[in-house]
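Notes to accompany the following structure.
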Amino acid sequence: APLKNVAAMASFSRDGRRLFVGLNYGELGIYDVASGKQVKVVAGKGTFYPDVDGRRAILLLGGSAELWDLQTEKPIRRVSAPSMQSGGPRVVFSSDGHTALFGDSSSGVVWCWNDVDKDDSLIDFAGRHATGISAMTLTWDGLTLVTIGVEGDVKLWDVAGRRLRRTVGRGGQGITGSPVSAREET
């Protein structure tokens, strides 16, 4: 099926065999990469962000986030976040799938859902972007979260300490050379 009404979310499963595409109206399209065929569409009422194995996903709703089982297509648990709006935040999972990190595209706040299987609340990181967050990713070892603000600032966050480690570029300036190692001491 052709991709119509695609939202701004796409990711691969860890093994690269599945492609997850956030579709408008809260649907998550799951595609087999080898055949190019759609395997499943999971319907929700917000934006889905799948974990690295494609077993679960975070569904963002106005003011909350739900953890969903993609096999049963049912929610498992929910957490509240005061300023989180559907489609606004960015979400990344840790490589083990137990931690989800959120970056708000409006407020610039970073949150952590420390253990999606047990915890019922989000923890704010110390620090924020001056404007919203436009993109984010985790380093391969999960120790450092990298966020890019709408203003162009690139920030490195200590995930375990829930704090800003440093800003490596301001307004898109100063980002040259090789990438910063996740193990580099500051």
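Heavy atoms only: backbone and side chains are in, while hydrogens, waters and symmetry mates are out.
- The side-chain heavy atoms of Arg18 and Asp32, taken from C-beta on, include a pair separated by under 4.5 Å.
- No donor-acceptor distance shorter than 3.5 angstrom exists from the side chain of Thr144 to the backbone of Thr139, with no hydrogens or angles considered.
- Annotation: the span from Asp53 atom CG to Asp15 atom CG amounts to 8.0 Å, rounded to 0.5 Å.
- Within the 4.5 Å cutoff, no side-chain heavy atoms of Phe48 are placed close to those of Phe20.
- Inter-residue side-chain proximity for His129 and Val150 is flagged as unmet; no heavy-atom pair is nearer than 4.5 Å.
- For the pair Ser134 (side chain) and Ile148 (backbone), a donor-acceptor distance under 3.5 Å is present.
- Counting only distance, with no hydrogens or angles, the side chain of Arg56 and the backbone of Leu67 share no donor-acceptor pair below 3.5 Å.
- A salt bridge does not link Asp69 to Arg55: none of the charged side-chain nitrogens sits closer than 4.0 Å to a carboxylate oxygen.
- Using a 4.5 Å heavy-atom threshold, the side chains of Val42 and Ile30 count as touching.
- No more than 12 heavy atoms of other residues, nucleotides or ligands lie within 6.0 Å of CZ in Arg17, so this atom counts as exposed by the packing criterion.
- Atom NZ in Lys118 sits 14.0 Å away from atom CH2 in Trp113 (nearest 0.5 Å).
- Atom NE2 of His98 sits about 11.0 Å away from atom CZ of Phe93, to the nearest 0.5 Å.
- Gln38 and Gly29 make their closest contact through NE2-CA, 4.4 Å (heavy atoms, listed as atom of the first residue, atom of the second, distance).
- Annotation: side chain of Phe102 is not in contact with side chain of Val109 (no heavy-atom distance under 4.5 Å).
- At distances below 3.5 Å, at least one donor-acceptor pair connects side-chain atoms of Ser94 with backbone N or O atoms of Thr99.
- Using a 4.0 Å cut-off between charged nitrogen and carboxylate oxygen, Asp158 and Arg163 count as a salt-bridge pair.
- Of the possible donor and acceptor atoms, none in the side chain of Lys155 sits under 3.5 Å from a partner among the backbone N and O of Gly127.
- Between Phe125 and Trp157, the ring planes lie perpendicular to each other; the angle is over 60°, past the 30° to 60° tilted range.
- Ile133 is connected to Leu164 through a chain of hydrophobic side-chain contacts under 4.5 Å among Ile, Leu, Val, Met, Phe, Trp and Tyr, so both are in one cluster.
- Of all non-hydrogen atoms in Ser11 and Pro50, the two that sit nearest each other are OG-CG, 3.6 Å.
- Looking only at distances, a side-chain donor or acceptor of Arg14 sits under 3.5 Å from a matching main-chain atom of Ser95.
- Separation of atoms CZ (Arg77) and CG (Asp120) is listed at 4.5 Å; rounding is to 0.5 Å.
- Summarising the geometry of Gly97 relative to Val116, their closest heavy-atom pair is O-CG2, 3.6 Å, with the distance given to 0.1 Å.
- Taking 4.5 Å as the limit, some side-chain heavy atom of Leu70 sits within range of a side-chain heavy atom of Leu28.
- Judged by distance alone, the side chain of Asp115 and the main-chain N or O of Asp117 form a donor-acceptor pair under 3.5 Å.
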